[in-house]
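Throughout, protein chains are lettered first and strands after them, A, B, ... in sequence-line order, and every chain is numbered starting at 1.
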Amino acid sequence: MEKEIKVPLLVFLTDFGTKDGFAGVMKGVALNINPLIQPVDLTHEIESFNILEGALVLKAHYKYFPKGSIFVAVVDPGVGTERKPIAVRTENYYFVAPMNGLLDLVLEEEKPIEVVEIANPKYRLNMVNNTFHGRDIFTPAAAYISKGVPLEELGPKINYQKMLNFPKPHQEENKIIGQILYFDKFGNAITNIPCSKFKKCRWRSLEGKVVENFLSGEKGIPSFICGSFGYIEIFLPMDSFKEKYNPQVGDKVECFLEG
Amino acid sequence: MEKEIKVPLLVFLTDFGTKDGFAGVMKGVALNINPLIQPVDLTHEIESFNILEGALVLKAHYKYFPKGSIFVAVVDPGVGTERKPIAVRTENYYFVAPMNGLLDLVLEEEKPIEVVEIANPKYRLNMVNNTFHGRDIFTPAAAYISKGVPLEELGPKINYQKMLNFPKPHQEENKIIGQILYFDKFGNAITNIPCSKFKKCRWRSLEGKVVENFLSGEKGIPSFICGSFGYIEIFLPMDSFKEKYNPQVGDKVECFLEG
Amino acid sequence: MEKEIKVPLLVFLTDFGTKDGFAGVMKGVALNINPLIQPVDLTHEIESFNILEGALVLKAHYKYFPKGSIFVAVVDPGVGTERKPIAVRTENYYFVAPMNGLLDLVLEEEKPIEVVEIANPKYRLNMVNNTFHGRDIFTPAAAYISKGVPLEELGPKINYQKMLNFPKPHQEENKIIGQILYFDKFGNAITNIPCSKFKKCRWRSLEGKVVENFLSGEKGIPSFICGSFGYIEIFLPMDSFKEKYNPQVGDKVECFLEG
């Protein structure tokens, strides 16, 4: 497609927030290197330092972007330490990130074809500040990739190493035991239970059917639904489950194949 | 205009927030269908489920966008239920939204020329999740419109039905009685009183002139002004009226033709 | 560069927040005047009315944007009063802003070559609301500049006047005495002490080395680092210094040339 060559997308996911200009300046850096890119914000509001949350949100959304999109993912509490900045090519996308677990989930689905450590000083800013590799290393690498610089130019090949201890649900005969991973803006709790075929779930003493839409639940009573992340979610109809019931990340959730 | 064909704007207004990637992923979907669009965020921070607030903010701003812009408006507590997804063509714009009142105010000003229910599965994502029509139905419809797909292709014609009980001010001989609708980021209270020719207003026991600018008011005393939404606003000079005076949506406000 | 002519960047820095559509509508106005611009949000979350904070954030980031970028900076508590709307050309950039101090810091680095008062009604919106010059005056001026309108067309030349009382650090023989200016999203405190060559710092009774990265500090103990704004910052490893220690803007910080 002509467009992918002419207007490559740089898609940003960070924990930088939007108030300090950290998110904005990365677009300045990118457009300075390649004026033809289209920057897109996936989110800059991952909880500070929460790599697992970043991994989860990235995995939920990346596959809706055009093939050839370049993702710049930076949740990087170890910025400036030994953790390696990497660039990854898969069949459909590029990912630039610290190798700290942030890409673990997405690379379970998108097999990495080429992984390099970003090491060549030619493809970073002249001055690198040890507190902001998003601006000085990751965004420049992504922008140069968008200009056609091959990954092998960025640095030596390395093996991708999984870092994240992502909690997996435990499957038994007729049920699955998982946990709450994350709360979205609406106060819905997203679990790690894939929502394929479950009919009924339980959280604490609350038990309910997996319903079809957000209005099917009973007012004031938390209900279960197959959410857009692809996992079972707990929600409170027209209200915030998180605020009203005070659930916690890690809370056990069970789902059953039969109602 | 050549530009409108080449770089159509998709303008987003939702209650999705920006933290979970819901706002970002819609741009991925749109750019995947039509790589030539320019996405613009009007806001993603409408209060969760607050259709009236969404209607008000959309009405305040849409007319500043170029003719031909396509608005994707999604405040949709009934997602996945019977409420209809629609696409509307007016003389100047396109609007894609659930028919739940969100377009009521804007369509008082922009007369709808064509209204269709978005029903043709050809113009949505292959898999539709019942919790996220913003991604799976509304954004694809808007992106296909931007590529020139005529509305009649999207689904059958229907009549637009007003759903919102928008509170109208009550006009008497020399005064008007309205109410507070909304608070902006600065803590200013936006009322439903159009700010044409009023000289003096009252909220609770507070009475004051309609002043010319935000510094004309007396420090510490709430003042009245003709705001950028086109309505009378109550503000506290260099401070937040909302935080300091605890006003509520629905509070009565009166304005007078003579000071 | 061909691109700078074809896709000029309009870079926005405001205290408008993103919830009310104030930030979004400026892009509508800009794209209506010049459909070829690329809007970029630097930030819209400067604290309401905080000109010094806006000046600081703008200065931290502007130089990472491509030459020719046009900055629209609006933190403007005096909107609609006597303060003058100006447009400034420097060797590398354009800046459009109220002359209220917001450009003081950036123009210490980028010498103004041409400064005009934006006065010509031809280059603003037809209707100007006294509460929103960001939409009605500043953005149109920037968009017309991006189309090649020379500054002298916008209004008469004036002299730039500094307005801000930016607190400067006090240098003694072996130490420097400064203060906290600002807190970023991570709760790090940004000071006014340039981070060139200091080895050790002190805040209240806390003293520590200037460390190399965010993980070098001891857990639970605030540490000092050279941050990406170019100033000494105080941080709490993997935590929020602001939340845990309740520091205030204006707090004294001392740094020493020797550890």
Side-chain angles (χ1 to χ4, degrees), chain B residues 1-9 11-13 15 17-18 23 38-47 53-54 56-69 71 182-188 190 195 211-216 225-230 233 235 237-240, chain C residues 6-7 10 12 14-41 44-51 74-83 98 100 125-137 139-140 143 147 185:
Chain B
M1 233 193 350
E2 193 187 21
K3 153 78 182 187
E4 272 170 40
I5 297 150
K6 286 166 72 185
V7 189
L9 300 188
V11 186
F12 294 92
L13 175 143
D15 66 346
T18 49
Q38 168 78 47
V40 178
D41 295 314
L42 184 46
T43 175
H44 295 286
E45 293 167 50
I46 298 299
E47 188 187 41
E53 185 178 309
L56 187 69
V57 172
L58 181 61
K59 185 212 171 202
H61 302 301
Y62 78 94
K63 58 185 163 293
Y64 292 91
F65 283 82
K67 288 186 184 189
S69 293
F71 291 85
Y182 176 69
F183 298 96
D184 74 11
K185 182 257 189 182
F186 296 92
N188 299 346
I190 292 155
C195 57
V211 300
E212 289 294 311
N213 60 61
F214 286 131
L215 293 186
S216 298
I225 197 165
C226 169
S228 66
F229 274 50
E233 298 182 12
F235 73 99
M238 296 291 284
D239 210 331
S240 169
Chain C
K6 288 166 72 185
V7 188
L10 253 63
F12 294 92
T14 77
D15 67 344
F16 294 163
T18 49
K19 86 180 194 71
D20 306 305
F22 301 143
V25 76
M26 290 195 297
K27 295 174 215 171
V29 168
L31 288 158
N32 202 19
I33 293 170
N34 185 357
L36 298 177
I37 62 120
Q38 168 78 47
V40 178
D41 295 313
H44 294 286
E45 292 167 52
I46 299 298
E47 188 188 40
S48 300
F49 319 127
N50 193 333
I51 296 168
V74 192
V75 179
D76 193 15
V79 59
T81 65
E82 293 301 298
R83 66 85 193 96
N100 63 6
L125 296 195
N126 289 332
M127 301 279 288
V128 172
N129 179 293
N130 261 345
T131 68
F132 197 2
H133 287 187
R135 178 190 67 194
D136 300 343
I137 293 181
T139 296
K147 291 181 84 167
K185 182 257 190 182

Nearest 0.5 angstrom please: [X] [atom1] to [Y] [atom2], how far?
X	Y	atom1	atom2	value
B:K67	C:N32	NZ	CG	9.0 Å
B:D239	C:F49	CG	CZ	7.5 Å
B:Y64	C:L125	OH	CG	6.5 Å
C:F22	B:F229	CZ	CZ	4.5 Å

At their closest point, which heavy atom of [X] faces which heavy atom of [Y], and how far apart are they?
X	Y	value
B:S228	C:R135	O-NH1, 3.3 Å
C:P77	B:M238	CB-SD, 3.2 Å
C:S48	B:K185	OG-NZ, 3.1 Å
B:F183	C:D20	O-OD1, 4.0 Å
C:V25	B:L42	N-CD1, 3.9 Å
B:T43	C:K19	OG1-O, 3.0 Å

Minimum side-chain heavy-atom gap [X]-[Y] below 4.5 Å:
X	Y	answer
C:T18	B:D41	no
B:V40	C:L31	yes
B:Q38	C:P35	no
C:T131	B:F235	no

Worksheet item: Do any N or O atoms from the side chain of C:N129 and from the backbone of B:G227 form a donor-acceptor pair under 3.5 angstrom?
Response: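 Checked: pair present.
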Practice prompt. Sort C:E47 into side chain, backbone, both or neither according to what part of it lies under 4.5 angstrom from a heavy atom of chain B.
Written response: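 Answer is backbone: N, CA, C or O of C:E47 sit under 4.5 Å from chain B.
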Worksheet item: So what's closer than 4.5 Å to chain B heavy atoms on C:D15: side chain, backbone, both or neither?
Response: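 Backbone plus side chain of C:D15, per the 4.5 Å heavy-atom cut-off to chain B.
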Item to complete: With a 4.5 Å cut-off on heavy-atom pairs, point out which of C:G21, C:G80, C:G24, C:G78 contacts chain B the most.
Response: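 Counting heavy-atom pairs under 4.5 Å, the top option is C:G21.
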Worksheet item: Picking from C:T81, C:D136, C:I33, which has the most non-hydrogen pairs under 4.5 angstrom with chain B?
Response: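 Among C:T81, C:D136, C:I33, the one with the most close pairs to chain B is C:T81.
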